[in-house]
Amino acid sequence: CEGTTHLERMAAAANALKASQWYPRAPKRHVVFAGAASEDRTPLGDLGALLASGGAIGICTSRTYCSARFVKRAEVPMLPLLSLMDPKIHPKLTSEACPRGGEPKRRSTLLYFRGAHGTSEGAQEVRARLWELRTMAGADIKFSKGGPTSLAPSIRERMKSLGWSGKDVRMPFNTVATAQGMLHADFCALPRGEKANPGRRLVDAVAAGCIPLIIGDALRPPLTSLLKYNDFSVRVPESEFMRYPKGAVSEALAAATPRLAELRRNLIRARDELLLGYGDSPLPGNFTAAKGADLVLLKVGQAICPRSPATFRSCNEGMV
């Protein structure tokens, strides 16, 4: 990058756009895609400020990545962890889903979870019950640092009744270790947090070929109109999980295990449709948008024209 920072390059891009003969004539016809690491809150910098004020469309993997001044913007699923974007992963998942004769080979871990305790008491109530799943054969359940500094008193008492000593046993969150854990697990637990969608954990699980175990009726994964989640995920009703965590999960996994090969095949198809950072490039590190780009284009079209007219003339008139 010739010694320049990311924000400096965004400023240079904004200056180049201002000097263009095209941008001043039709600023509303421009589209910008914003996707970055979770710690980067302003990935677009001056470029985003210019485009937003000009009426361009912002396509963002998180609302926090888009400047608030974007009048038209659409959210698309987040990018997976970097190590899960390795092109070598796809052939591995294909061989697991389509074994040569016989039953599919099981992964070393049955059920995997890494995550922080929720901030609200309701989320903590759900996630505290994951502690009970540690005693399941083949389960790898651990909490990571982050989230609240203290738990609600009722949550502390419940976890102590399940064997927690009261000490802080949370692990530092490590992206590489988390990705490896998902790659070696048949199922990944997705409990609810503060929002009604599973967030980044769903995208990571799909990228890793780890069948999502969605805990809760209220969880609303993205793009339900395009993706048939029942074909590649397992869901446990929250009421049953709250009463009998281990029993409800064990029953759900036992019912899903005979369909493991089918779930994996459907998961691979969903992976290509959902992920924005995966491509068929033979060169490691050379990532393309692949089929996930279709979702971006769809969102752009919906942002340009929420209606579905016979032609786009009525929508384009305001963008000249």
So which heavy atom on [X] is nearest to which on [Y], and how close?
| X | Y | value |
| --- | --- | --- |
| Lys18 | Pro24 | O-CG, 4.1 Å |
| Gly54 | Pro27 | O-CB, 3.3 Å |
| Arg127 | Gly115 | NH1-C, 4.4 Å |
| Pro191 | Val126 | CB-CG1, 4.1 Å |
| Val234 | Ala256 | CG2-CB, 3.6 Å |

Please confirm whether the backbone N or O of [Y] pairs with a side-chain atom of [X], one donor and one acceptor, at under 3.5 Å?
| X | Y | result |
| --- | --- | --- |
| Arg235 | Leu213 | no |
| Arg129 | Met242 | yes |
| Arg271 | Ala207 | yes |
| Gln124 | Ile155 | no |
| Trp22 | Arg25 | no |
| Ser120 | Ala123 | yes |
| Arg201 | Arg114 | yes |
| Ser95 | Lys92 | yes |
| Arg107 | Met182 | yes |

**Partner set under side chain to side chain donor-acceptor pair (under 3.5 Å) for Glu240, not counting sequence neighbours** =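 Not a single residue meets the side chain to side chain donor-acceptor pair (under 3.5 Å) criterion with Glu240.
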**Request:** Tell me, please, which residues at least two apart from Arg269 pass side chain to side chain donor-acceptor pair (under 3.5 Å).
**Result:**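 By the side chain to side chain donor-acceptor pair (under 3.5 Å) rule, Arg269 matches Asn266.
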**Residue pairs involving residues 120-190 (criterion disulfide (SG to SG under 2.5 Å); sequence neighbours excluded)** =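 For residues 120-190, and leaving out neighbouring residues, the disulfide (SG to SG under 2.5 Å) pairs sorted by first residue read Cys188-Cys210.
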**Request:** Could you list all the disulfide (SG to SG under 2.5 Å) pairs where at least one residue sits in residues 132-173, not counting sequence neighbours?
**Result:**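 Pairs touching residues 132-173 that pass the test: none.
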[X] versus [Y]: any side-chain heavy-atom pair under 4.5 Å?
| X | Y | result |
| --- | --- | --- |
| Lys105 | Glu96 | no |
| Glu132 | Pro245 | yes |
| Ile214 | Val236 | no |
| Leu111 | Val249 | yes |
| Leu267 | Asp231 | no |
| Leu151 | Met159 | yes |

**Prompt:** Side-chain heavy atoms under 4.5 angstrom apart, residues restricted to Ile, Leu, Val, Met, Phe, Trp, Tyr: same cluster for Val206 and Tyr112?
**Reply:**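 The answer is no; the residues belong to distinct hydrophobic clusters.
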**Co-membership, hydrophobic cluster, residues Phe33 and Val31, 4.5 Å side-chain** =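 Hydrophobic grouping puts Phe33 with Val31.
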Distance from [X] atom [atom1] to [Y] atom [atom2], nearest 0.5 Å?
| X | Y | atom1 | atom2 | answer |
| --- | --- | --- | --- | --- |
| Leu130 | His117 | CG | NE2 | 9.5 Å |
| Leu50 | Asn15 | CG | CG | 9.0 Å |
| Ser108 | His184 | OG | NE2 | 5.5 Å |
| Leu263 | Thr257 | CG | OG1 | 9.0 Å |
| His30 | Leu47 | NE2 | CG | 10.0 Å |
| Thr109 | Gln180 | OG1 | CD | 11.0 Å |

**Request:** Please name all residues satisfying side-chain contact (heavy atoms from CB on, under 4.5 Å) with Val32, sequence neighbours left out, ordered by chain then number.
**Result:**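 Only Leu44, Leu51, Phe70 meet the side-chain contact (heavy atoms from CB on, under 4.5 Å) criterion with Val32.
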**Prompt:** Does Arg134 make a cation-pi contact with Trp131 (under 6.0 Å, within 45 degrees of the axis)?
**Reply:**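 Here Arg134 passes the 6.0 Å and 45° test against Trp131.
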**Prompt:** So Leu253 and Leu110, side chain to side chain contact (heavy atoms under 4.5 Å, CB included) or not? Walk me through it.
**Reply:** CA-CA 9 Å; Leu253 297 187; Leu110 171 66; 4.0 Å; yes
**Prompt:** Under the ring pair (Phe, Tyr, Trp, His ring centres under 6.0 Å) test, which residues partner Phe113, sequence neighbours left out?
**Reply:**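 Checked Phe113 against ring pair (Phe, Tyr, Trp, His ring centres under 6.0 Å); matches are Phe143.
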Under the rule for salt bridge (Lys or Arg N to Asp or Glu O under 4.0 Å), what residues qualify as partners of [X], not counting sequence neighbours?
| X | value |
| --- | --- |
| Lys145 | Asp168 |
| Glu251 | none |
| Glu238 | Arg192 |
| Asp186 | Arg106, Arg264 |

**Item:** Carboxylate-amine/guanidinium proximity below 4.0 Å for Glu125 and Arg158
**Value:**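 Salt bridge flag = no for Arg158 with Glu125.
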**Item:** Glu262 with Arg265: basic N within carboxylate O range, under 4.0 Å
**Value:**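 Result for this pair is no, no salt bridge flagged.
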**Prompt:** Quick one: ring pair (Phe, Tyr, Trp, His ring centres under 6.0 Å) pairs with a partner in residues 214-233, sequence neighbours left out?
**Reply:**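 Counting only pairs at least two positions apart or across chains, the ring pair (Phe, Tyr, Trp, His ring centres under 6.0 Å) contacts touching residues 214-233 are Tyr229-Phe232.
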**Message:** Who clusters with Ile268? Use side-chain heavy atoms, under 4.5 angstrom, across I, L, V, M, F, W and Y, and order the result by chain and number.
**Reply:**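 Leu81, Leu84, Ile89, Leu93, Leu183, listed by chain and number.
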